[in-house]
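Below you'll find the structure, written out as structure tokens, and then a few comments.
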Amino acid sequence: MPSRYATQSLVLFAGLITSSGCIPRSPVPDAALVARIEPILASAPATVAVCVIELPARRELYARDADRPMRPASNLKLVTAAVALDRFGPDHRFETRLAIAGDDLYLIGGGDPGLGDPTIAGWSGHKPTDDFAAFADALRARGLTRIKGNLYYDDRALDEQWTLPTWDKSFREYWYAAPVAGLNFNDNCMDVTVHPTTPGRPVRFEVMPPTAGLHVINQCVTGAQQTAAIHRGASGFDYVITGQCARTATLASKPVENPGAFTADAFRTYLGSRGITIDGQTLRTPSQVNPRDVQTLATHGTSMADLLKRMNKSSQNFFAEALDKLTGQATTVADAENLTSWQRGERGARSFLERNGIDANALRMADGSGLSRDDRVTARLMTDLLAVMAAHPHAAVFRDSLPIAGTDGTLRKRLSDLAGRIRAKTGSIGGVRTLSGYATTVDGRVVAFSILANDIQGDDDDVLQTIDEIARAIAK
């Protein structure tokens, strides 16, 4: 339905700010939508906040507890994506460089979370270590197959708070809380694939990436059951595989302790496989390398567009934390020297919201992925953000990064009856399920919606069903 804002262009509308600093709203509830959603919520086994607005006019079609602070889980990645895309643009590349000075090599990180990411590598039919190929080729092109000096690694593009202190200590075991540094590889995780051998005998295993510094303790045997598993050992370098293996399987990714050292180890091992040896040690640089002090031989970079696609389609926390920290590092804020890059990331996000007329007081952003239980948003903030990004110069990149219902990403097996008509970010942590994004209605209208379920009582699947029924009500 037209409103007094309907004749404004999307870009102009995004700039319509009231004297209070907020974009004007047009709360004209859709009676039919209200009638469809209310019965669904009446039996919801959770606290559910919902907001639905029509675009571009921002007519508010439905709102329930829309200003209630809620845990967003991975819906927070929408904020991270919007701020990073706005700050850097879709073509910006975060680069890792190989440089040389005298007899020494330097592997210099730029905070890129995409180096050696298996999914991004897989888009081109490559494996993670293929991202090192250009570096080895550059050395061979100079006739360097033996490095007489040391391999130095510079992981100082980001601060040294690699994991959020308030994350649960048990997260150390899981890939979704991998540490984030200025130099990263393979999502800062190691992957083990096990292969059966002779019944009762130890399995054969492979490690990706091959390294010298990680130690795998093989307690897994070939048997009739498929119970093979992997756990972190007592030290930061030990991993234990246990159980039985009946068929080849890649076990759950496990995070590493020291991302920079891990990346340098993987790189050095790769060079060895290409016939390039290093006589000296692998050492961390004492300070961030000045580009004028070294000669760059080769670079590898990942574009913002690819990072957002990887982050949102498969809800990759590691990418979200890296982008949050990179955005924070690039944001000019007061008292910056006393803040971590995560804290600066929150400041940058609040600044973005304020510039676009969104209530920044509705945001509490302890991390970039939504893993922290301290994160808070409102359903109204999320739909306001989605409206701003629908009018953004890089709107298509933002939209295309989102999972498509019944088609790909974390929505591949959900809402298949609405395939192609919903693009939205899922979210899931303990007691929380969320879904926020865009829907195209049967009459061709585009709406932004946010459904945030907290304090789940009972079966999580019941809450997912509730969320999906609300999404169907919105789209149908």
Side-chain angles (χ1 to χ4, degrees), residues 93-99 105-124 126-139 151-158 160 162-163 174-193 206-216 232 236-237 239 250 252-274 276 278 282-285 289 297-303 306-307 310-311 314 316-323 325-326:
R93 295 171 68 84
F94 296 101
E95 293 186 337
T96 304
R97 295 186 292 133
L98 178 67
L105 280 185
Y106 289 81
L107 187 63
I108 304 169
D112 179 17
L115 181 68
D117 174 70
T119 298
I120 293 178
W123 294 343
S124 303
H126 297 154
K127 57 182 182 292
T129 49
D130 289 340
D131 282 358
F132 289 141
F135 297 159
D137 292 344
L139 291 172
L151 170 63
Y152 289 97
Y153 66 91
D154 179 359
D155 60 352
R156 300 176 185 275
L158 297 175
E160 296 186 30
W162 298 335
T163 57
Y174 301 106
W175 63 268
Y176 55 72
V180 180
L183 179 63
N184 310 291
F185 187 76
N186 195 49
D187 305 343
N188 289 341
C189 287
M190 58 92 73
D191 298 290
V192 170
T193 300
E206 300 168 332
V207 178
M208 176 57 72
T211 60
L214 299 182
H215 180 215
V216 177
R232 297 287 300 272
F237 306 98
Y239 298 82
T250 299
S253 297
K254 291 298 174 182
V256 300
E257 198 80 4
N258 186 321
F262 165 71
T263 304
D265 184 7
F267 174 58
R268 182 169 183 155
T269 303
Y270 176 81
L271 289 183
S273 73
R274 292 285 304 271
I276 301 172
I278 300 173
T282 300
L283 302 170
R284 190 187 190 206
T285 59
V289 174
L297 301 179
T299 63
H300 181 280
T302 311
S303 72
D306 281 346
L307 294 179
R310 172 68 168 111
M311 177 180 76
S314 52
Q316 226 306 355
N317 289 353
F318 172 71
F319 279 60
E321 303 307 345
L323 287 178
K325 291 168 77 70
L326 286 162

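Note that the structure is predicted; figures quoted are calculated from it, not measured. Numbers here are sequence positions counted from 1.
Between S253 and C189, the shortest heavy-atom contact is CB-CB, 4.0 Å. Between G111 and L326 the shortest heavy-atom distance is O-CD1, 3.5 Å. Across every non-hydrogen atom of T163 and A177, the tightest pair is CG2-O, 4.1 Å. Nearest heavy atoms, Y239 versus P255: OH-O, 2.9 Å. Across all their heavy atoms, Q316 and F318 have their closest contact at OE1-N, 2.7 Å. Heavy-atom minimum distance, P179 versus N188: O-ND2, 2.7 Å.
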Checklist entry - Passes side-chain contact (heavy atoms from CB on, under 4.5 Å), R232 versus K254? Steps please. => result CA-CA 7 Å; R232 297 287 300 272; K254 291 298 174 182; 4.3 Å; yes
Checklist entry - Passes side-chain contact (heavy atoms from CB on, under 4.5 Å), W123 versus D306? Steps please. => result CA-CA 10 Å; W123 294 343; D306 281 346; 3.9 Å; yes
Checklist entry - Is there a side-chain contact (heavy atoms from CB on, under 4.5 Å) between R97 and H300 once you walk through the steps? => result CA-CA 7 Å; R97 295 186 292 133; H300 181 280; over 6 Å; no
Next on the checklist: Would L115 and T302 count as a side-chain contact (heavy atoms from CB on, under 4.5 Å) here? Give the steps.
Outcome noted: CA-CA 7 Å; L115 181 68; T302 311; 5.7 Å; no
Checklist entry - Under the side chain to side chain donor-acceptor pair (under 3.5 Å) criterion, do T269 and T211 qualify, and how do the steps go? => result CA-CA 6 Å; T269 303; T211 60; 5.8 Å; no
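Side-chain contact between P210 and T129 is present, with at least one heavy-atom pair separated by less than 4.5 Å. Contact annotation: the side chain of F267 approaches that of L98 to within less than 4.5 Å [non-hydrogen atoms, C-beta and beyond]. Between D117 and F319 there is a side-chain heavy-atom pair separated by less than 4.5 Å. Looking at R156 and V289, their side chains never come closer than 4.5 Å, going by heavy atoms from C-beta outward. At a threshold of 4.5 Å between non-hydrogen side-chain atoms, the residues T285 and Y153 do not count as touching. Contact annotation: the side chain of L107 approaches that of T96 to within less than 4.5 Å [non-hydrogen atoms, C-beta and beyond]. The side-chain heavy atoms of L151 and Y106, taken from C-beta on, include no pair separated by under 4.5 Å. Residues M311 and L323 have side chains in contact (heavy-atom distance under 4.5 Å, counting atoms from C-beta outward).
In the model, D191 has a side-chain atom that pairs as donor or acceptor with a side-chain atom of N186 under 3.5 Å.
Among residues two or more places apart in sequence or in another chain, the side chain to side chain contact (heavy atoms under 4.5 Å, CB included) test is passed with A181 by W162, N184, P259.
F132 and F185 have parallel rings, their planes meeting at less than 30° on a 0 to 90° scale where 60° marks the start of perpendicular.
One finds a salt bridge joining R310 and D187 here, because a Lys/Arg side-chain nitrogen approaches an Asp/Glu carboxylate oxygen to under 4.0 Å. A salt bridge between D265 and R268 is absent, with no side-chain N of the basic residue lying under 4.0 Å from a carboxylate O of the acidic one. Using a cutoff of 4.0 Å between basic side-chain nitrogens and carboxylate oxygens, R284 and D154 are not scored as salt-bridged.
Side chain of D155 to backbone of L183: no donor-acceptor contact under 3.5 angstrom is found. When atom types are taken as modelled, the side chain of R274 and the backbone of A136 share no donor-acceptor pair closer than 3.5 angstrom.
Around OH of Y176, the count of heavy atoms belonging to other residues, nucleotides or ligands within 6.0 Å exceeds 12.
The distance from atom CG of L297 to atom CG of L105, rounded to the nearest 0.5 Å, is 7.0 Å.
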